[in-house]
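Taking it in order: structure first as structure tokens, then the write-up.
Throughout, a chain's letter reflects where its sequence line sits, starting with A, and its residues are numbered from 1. Quick caveat: nothing in here was measured; it's all calculated off a predicted structure.
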Amino acid sequence: MLNTIEIIIKYREDFLIGLSVTIQMTIIIWIVGVTIGSILGILGTKYSRSIGLLSKIVSFLLGGIPVLVFLYWLHYPFQTILNIQIDGFYTTILTLSILNIFLVAEQVRNAVEQFPRDYIDSAEVCGFNSNEIIRKIQFPYILRQILPAIIFIQVVMMHSTLFASLISVDELFRIASRVNSEIYKPVEVYSTLAIFFLLITLPITGFAYWLRKRYAFIK
Amino acid sequence: MIKATNISKNFGSIKILKNIDIEINTSEITVIIGPSGSGKTTLLNCLSMLNTPDKGLIQIDGTRYNFPNAHAKIRKQFKYKGSQQVGIVFQNINLIPNWTNEENITKPLLKTNLFDKSELNNLIDIFKVKSILHKLPHQCSRGEQQRIAFIRAVMLHPKYLYLDEVTSALDPELISILFNYLIYLKSKGTGIIVVTHFLLFAQNLADKIVFINQGEILEQGTKDIMINPKTSQFKKFLMSLENVIITNNNIE
């Protein structure tokens, strides 16, 4: 334990740089994925035969490709084909944002499509118009229903930023590997890494579990 | 008056309603009875225009909706214009699950000037729901949810009130309270249409009884039609209910 603390103190600047890169990538991936994914999900329900179908097909294909392969494909062959060079930091953001967008879109689309027709009838009979039904009934209901799943996706996205180390992005995992190669104390170094991630993700996953339990009655 | 003429409704190739003619008057209780799957709920949904009939004419207080030419989704009968034209208590109840019972009753009222606290308190007392107002619907029994749904509908002062199996989860005391309240609503001019399996409804409250079987109205009239049924299907239906009573007596 002491060794771990000593390592954190000694290499704090390196870890902070890595942590900062990881957090920057994560936040951008979260914002882009949740925003565009939600819009795509809603459009997918409205235009189910065009956008909805396309989104379903892309999600299906992306679901079958390992994240690392997708990242490598966008970092190497894709850039070679287009004769461009993009920094690994942005390639990671692009890759994970695309994944996040389609995963979130699928969640939103399913939730909107499966919203019980009975509640819409009930609200209409109570005199609510379409906008009021969306704002006062559908949106809060669907948000409560999908939020836990979307939060879990975001945690997975954060964990997936570790793959950026394989295309030379100085994020947390790459920093930890570099520190380990200097001092060769893998247990302490990777435990430090685990602690960083636990500190960030435990409250988030805890919140998701709480939400899931709290709103389990919404089927 | 709500007048439906020659109403038909199919789901796929299955004919649910066949050329239905029916009239619903204000200050009158109309009870629709019939076996399960006979089309009672579909008829109610078509009369309220929640489900669009495939063909036929529905007139609500003189406004004509001719199907299939009428707009696919007509909802102005539920809008508030001084009071509501049509209110419904659903068979599946359909309270909004993430609103408390109190919110389910009051939120629809907030956009109207119908929020009469004393009337609400009176209904809360009559139907004994004070202790469950703060609860969410899933935390309540079906009978409690049914009472909340009834209060929600009544508070909007509908001119025509549609009740679908509204007594299915109520105990005898509450059924009696409900009957009395329906008589009160009728005296205030509300036209009430009830879909039920519960023959006491027909026997005690109905001004008009409508017997529907396999999507067709076979008999309609005053309570007398239950004493002298003309069709074999209605006789059989009444006999089957009698058999349930006999069977229960035999068990005792």
Let me know if Ile88(B) has heavy atoms under 4.5 Å from chain A in its side chain, its backbone, both or neither. both

Check each atom of Leu95(B) against the heavy atoms of chain A and say whether the ones under 4.5 Å are side chain, backbone, both or neither.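 The backbone, not the side chain.
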
Inspect the surroundings of NZ in Lys135(B) and state if more than 12 heavy atoms from other residues, nucleotides or ligands are less than 6.0 Å away. yes

Counting heavy atoms not belonging to Phe60(A), are there more than 12 under 6.0 Å from its CZ? no

Compute the centroid of each ring, for Phe201(B) and then for Phe179(B), and state whether the two points are separated by less than 6.0 Å.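 Distance test on ring centres: under 6.0 Å, yes.
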
Would a line drawn from the ring center of Phe152(A) to the ring center of Tyr209(A) be shorter than 6.0 Å?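 Centroid distance Phe152(A)-Tyr209(A): below 6.0 Å, so yes.
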
Sidechain N-carboxylate O distance under 4.0 Å for Lys159(B), Asp61(B): yes

Any ion pair linking Glu106(A) and Arg109(A) (charged N to carboxylate O, less than 4.0 Å)? yes

Rounded to the nearest 0.5 Å, how far does OG of Ser38(B) lie from NE2 of His197(B)?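 Those atoms lie 6.5 Å apart.
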
Output the residues of residues 41-51 of chain A for which the shortest heavy-atom distance to chain B is under 4.5 Å, in residue-number order; output 'none' if no such residue exists. none

